[in-house]
Chemist: 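Once you've had a glance at the structure underneath, I'll fire off some questions.
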Amino acid sequence: MTAQPTKPSGLPAATRTLLLSGDNAEQKRQQLLAYFRQTWELYESLFDCLADERAYYTKAIPLRHPLIFYYGHTATFYINKLMAGQLIDQRIDDPIEAMMAIGVDEMSWDDLDTSHYAWPTLAELRDYRGKVRSRVEQFIQEMPLTLPIGWDSPAWVILMGIEHERIHLETSSVLIRQLPVQWVQPQPHWPACTDARHDRHSVPHNSLITLAGGTVSQGKTDDTYGWDNEYGHQLHQVQPFQASRMLVSNAEYYDFVAAGGYRTRRWWDDEGWGWCEFANATMPTFWVGDATAPDALKLRLMTEEVPMPWDWPAEVNQLEAAAFCRWKAEQTGEPVQLPAECEWLLLREQVPGDQPEWDEAPGNINLARWASSCAVDRFPQGEFFDLIGNVWQWTTTPINGLEGFRVHPLYDDFSTPTFDGKHSLIKGGSWISTGNEALKSSRYAFRRHFFQHAGFRYVVSRHQETMTLNPYETDSMVSQYLDFQYGPQYFGVGNYAKTLVEIASGLTDKRQRALDIGCATGRASFELARHFEQVVGMDYSARFIDVALQLTRGEDFRYVTQEEGDLVEYRQVRLKDIGISSEQAGRIQFVQGDACNLKPQPESYDLVLASNLIDRLRQPKRFLQDITAMLRPGGVLMLSSPYTWLEEFTPKENWLGGVRENGEALSTYQALQRLLAADYEEIAPPQDLPFVIRETARKYQHTVAQLTVWRKRKR
């Protein structure tokens, strides 16, 4: 069974990802336009597999949004990123772009998302997607383009949107696979493989092959789009190890199930056993039937259930794969485990070349064959099978940045929220992996309880990855804000957030709901929780919100501050160190949001605190208009800012002050008095508030903000 099939004629074509360089910019523009259109149409064709409108609006699993969100999300991504990059100046649909901006990473297998949303209708979203497509095509045709395409190019943002949609092509197909089978329908352009062994005793026996080890160099150097975590450089010295010739098949995995794999505690770690008990798991999620009657078992594919293909790869989460390896180790007396990323990279050297140079995909990858897995002995690659393709392969390696890692400013929440020791890398791609996902350099990671089209191969190896939870935060911006908000006082200047909230506590007797907008890592939100029954902390940066959420859960957060050169100091933040109780922290809801595109709130706020915000907004006037509607009559608006207007944040025509109007100087304070006069009364004279931000042990920013305080008029 090693003959390679030709591509079924009905399968949607999936071209290779684009090269960034070239000799002809206009030719590259047309390639980019074609790549965008093909990706868009491929993604929409996936939703042809939904046969019932309930499939759009019902959560396939409790921890993620329903598919209606993901249908709109990939389109809103383009608009939100183009707006963030100040490459366009007008949205298409504010409510949709706010509601569908941010997805869900299931941070815990028992952290149920019980939120309710007033989702748009399917017709509204189809209309919206049509408008976005037209707008993006126009942008591609008109944008400046020079080669090679780099991080700062407008074309990079378009590639970011395209590759993002290709990721969701895969994750949405997994959600379709978890819907009730009667709500979905097979499509000729998404054909499943029909070749399978239904007698588990006829499946070829897996075996081990020895690899000599060696030096592996890691870090993206190819001429294609990449995500931030792929860049940098790292060398690994890999010791000799053995690896299974094939992926673990359903037949091989069944031996573990039959041996009591899901009932035997010693084969699971604490996280895995907790998930196993919570999920009441007795066999892989995509198996249908009773594990004690193997001949009657079926396998759930994306749109149908088929008799169990015993020679296809077992599709499990990382916790199940690791439990199998512990069982295997006990059976053999060998150190059987999942491979580390560096070991997979050494295996990957047996596959020549890389997409996009392949004339023909050397495996079940890039949608070159089917819309399903196939036999584990179908595609030989060197001495092994399926080193790439068929299903993703779980590793033991928690994702982190390579040496030299830096965040792309337009997508700061792509990688860093996963650098927590809780997200394990998957390697090699699956049958539906296209574009960046099908590259050797790709690095994707998911929570270990997460389901993808993912399986595993095992190794005999003594390599041990460190699974450190909550590593030290080294991102300079996050560390600087942590130190600013939670660190020591410098030069006798009090804590800025604490000072603001102390002033706020004396301004209003009604203390039910407060909003801390532009909350960064959350110090003012925690201080407000001493005084208010409910607090919302909102920031545009997912990295900041992730820090605040971690503190809310009672976890320590560690970070480094620069001393001088390469010398750093390690510091730690704990809520108990600033006197915040778990009950007070429980009053806060931290959310990611755009102050220039706020979602309507069901209840009004008694206090809104916006510190160091208005001079960092694209549309500060719009923010002031929107926030007014969210304050109750008699509610208080506090604005604190040093008024450091910069065109990199705010187009000059949108500056509130710091300009000349009709030849006369207009300060921001004067502009605020004018803008807020109709809706507010000023209830205190402006007040100067100093703050200090530490850059290094011998360099500090000393800034003076102006605080103005406004009470909304009662009509």
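Quick note: residue numbers are just sequence positions, from 1. Scope of the values below: all heavy atoms of this structure, side chains included, with no hydrogens, waters or symmetry mates.
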Chemist: Please test Phe47 against Tyr71 for ring pair (Phe, Tyr, Trp, His ring centres under 6.0 Å), starting from the C-alpha separation and ending with a verdict.
Modeler: CA-CA 8 Å; Phe47 289 82; Tyr71 184 61; 4.9 Å; yes

Chemist: To the nearest 0.5 Å, what is the distance between CZ on Phe557 and CG on Leu549?
Modeler: 11.0 Å

Chemist: With under 30° as parallel and over 60° as perpendicular, where do the rings of His168 and His73 fit, or are they tilted in between?
Modeler: perpendicular

Chemist: Before giving the answer on side-chain hydrogen bond (donor to acceptor under 3.5 Å, both in side chains), spell out for Ser461 and Glu343 the whole-Å C-alpha distance, their side-chain angles and the decisive distance to 0.1 Å.
Modeler: CA-CA 9 Å; Ser461 168; Glu343 290 172 328; 2.7 Å; yes

Chemist: Output the distance between atom CG (Leu387) and atom NZ (Lys440), rounded to the nearest 0.5 Å.
Modeler: 11.5 Å

Chemist: Could you give the distance from CG (Leu179) to OG1 (Thr303), rounded to the nearest 0.5 Å?
Modeler: 11.5 Å

Chemist: State, to 0.1 Å, how close Gln185 and Asp48 come at their nearest heavy-atom pair, and which atoms those are.
Modeler: NE2-O, 3.1 Å

Chemist: Taking Arg263 for its side chain and Thr282 for its backbone only, find out whether a donor-acceptor pair lies under 3.5 Å.
Modeler: no

Chemist: Please give me the minimum heavy-atom distance between Trp431 and Ser373, naming the atom from each residue.
Modeler: CD1-N, 3.7 Å

Chemist: Which pair of heavy atoms, one from Gly353 and one from Trp358, lies closest together, and at what distance?
Modeler: C-NE1, 3.7 Å

Chemist: Checking Asn366 against Gln355: is there a side-chain donor and acceptor pair closer than 3.5 Å?
Modeler: yes

Chemist: With no hydrogens and no angle check, is any side-chain donor or acceptor of Arg245 less than 3.5 Å from a backbone partner on Phe385?
Modeler: no

Chemist: Using 4.0 Å as the upper bound for N to carboxylate O, is an ion pair formed by Asp354 and Arg348?
Modeler: yes

Chemist: When rounded to the nearest 0.5 angstrom, what distance separates CD in Gln452 from OG1 in Thr171?
Modeler: 6.5 Å

Chemist: Indicate the atoms forming the closest heavy-atom contact of Thr396 with Gln318, along with that distance.
Modeler: CA-NE2, 4.1 Å

Chemist: With a 3.5 Å distance limit and no angle check, can you tell me whether Gln381 reaches the backbone of Ile388 through a side-chain donor-acceptor pair?
Modeler: yes

Chemist: State whether a side-chain donor-acceptor pair under 3.5 Å links Glu465 with Thr397.
Modeler: yes

Chemist: Determine, step by step, whether Gln218 and His236 satisfy the side-chain hydrogen bond (donor to acceptor under 3.5 Å, both in side chains) criterion, reporting the C-alpha distance in whole Å, the side-chain angles of both residues, the deciding distance to 0.1 Å, and the verdict.
Modeler: CA-CA 8 Å; Gln218 190 172 1; His236 302 271; 2.8 Å; yes

Chemist: Side chains of Ser433 and Glu170: any donor to acceptor distance under 3.5 Å?
Modeler: yes

Chemist: In sequence, state the C-alpha distance, the side-chain angles, and the governing distance for Gln572 and Tyr559, and then conclude on side-chain hydrogen bond (donor to acceptor under 3.5 Å, both in side chains).
Modeler: CA-CA 6 Å; Gln572 180 170 277; Tyr559 65 100; over 6 Å; no

Chemist: Got a sec, which pairs hit side chain to side chain donor-acceptor pair (under 3.5 Å) with one end in residues 291-301, sequence neighbours left out?
Modeler: Asp290-Thr292

Chemist: Run the side chain to side chain contact (heavy atoms under 4.5 Å, CB included) check on Ile426 and Gln393 step by step: do they pass?
Modeler: CA-CA 5 Å; Ile426 55 176; Gln393 301 171 45; over 6 Å; no

Chemist: For a quick test of reading the model, state the closest non-hydrogen atom pair linking Trp268 to Arg326 and the distance between them.
Modeler: CA-NH1, 3.7 Å

Chemist: Using the salt bridge (charged side-chain N to carboxylate O under 4.0 Å, His left out) rule, pick out the option among Glu341, Glu437, Glu230 that qualifies with Arg443.
Modeler: Glu341

Chemist: Checking side-chain polar atoms at under 3.5 Å, does Ser415 have a donor or acceptor matched by the opposite partner on Asp228?
Modeler: yes

Chemist: Could you state the interatomic distance from CG (Leu50) to CD1 (Ile176), rounded to the nearest 0.5 Å?
Modeler: 5.0 Å

Chemist: In plain terms, say whether Arg197 and Asp377 are close enough for a salt bridge, that is, a side-chain N and a carboxylate O under 4.0 Å apart.
Modeler: yes

Chemist: Does the gap between the ring centers of Phe456 and Trp394 come in under 6.0 Å?
Modeler: no

Chemist: Quick one: do the Asp222 and Ser441 side chains pair a donor with an acceptor below 3.5 Å?
Modeler: yes

Chemist: If you compare all heavy atoms of Glu165 against all heavy atoms of Thr74, which two are closest, and at what distance to 0.1 Å?
Modeler: OE2-OG1, 2.7 Å

Chemist: Salt bridge or not for Lys422 and Glu271, using N-O below 4.0 Å?
Modeler: no

Chemist: Would you call Glu277 and Arg265 a salt bridge, using N to O less than 4.0 angstrom?
Modeler: no

Chemist: Tell me which one of Tyr411, Phe69, Tyr70, Tyr43 satisfies ring-ring contact (aromatic ring centres under 6.0 Å, His included) with Phe77.
Modeler: Tyr411

Chemist: Ignoring hydrogens and angles, tell me if any N or O in the side chain of Ser172 forms a donor-acceptor pair with the backbone of Leu169 under 3.5 Å.
Modeler: no

Chemist: Measuring from Lys576:NZ to Leu551:CG, what's the distance to the nearest 0.5 Å?
Modeler: 13.0 Å

Chemist: Can you list everything that forms a salt bridge (charged side-chain N to carboxylate O under 4.0 Å, His left out) with Glu330? Sequence neighbours excluded, please.
Modeler: Arg266

Chemist: Parallel, tilted or perpendicular: which one describes the rings of Trp287 and Trp310, with boundaries at 30° and 60°?
Modeler: perpendicular

Chemist: Just checking, is any N or O donor in the side chain of His463 or Gln239 under 3.5 Å from an acceptor N or O on the other one?
Modeler: no

Chemist: Ignoring hydrogens and angles, tell me if any N or O in the side chain of Asn436 forms a donor-acceptor pair with the backbone of Tyr225 under 3.5 Å.
Modeler: yes

Chemist: Are Arg166 and Thr434 close enough that a side-chain donor and a side-chain acceptor fall under 3.5 Å?
Modeler: yes

Chemist: Are Gln242 and Glu334 close enough that a side-chain donor and a side-chain acceptor fall under 3.5 Å?
Modeler: no

Chemist: Charged N to carboxylate O under 4.0 angstrom, Arg378 versus Asp195?
Modeler: yes

Chemist: Assess whether side-chain hydrogen bond (donor to acceptor under 3.5 Å, both in side chains) is satisfied between Asp52 and Tyr57, documenting all intermediate values.
Modeler: CA-CA 10 Å; Asp52 189 307; Tyr57 292 96; over 6 Å; no

Chemist: Relative to Phe286, does Arg177 satisfy both conditions: NZ or CZ under 6.0 angstrom from the six-membered ring centre, and within 45 degrees of the ring's axis?
Modeler: yes

Chemist: Does Asn364 use its side chain to pair, donor to acceptor, with the backbone of Gly389 at less than 3.5 Å?
Modeler: no

Chemist: Report yes if the distance between the aromatic ring centroids of Phe324 and Tyr253 is under 6.0 Å, otherwise no.
Modeler: yes

Chemist: Answer yes when Lys328 and Glu252 have at least one side-chain N-carboxylate O distance shorter than 4.0 Å, and no when they do not.
Modeler: yes

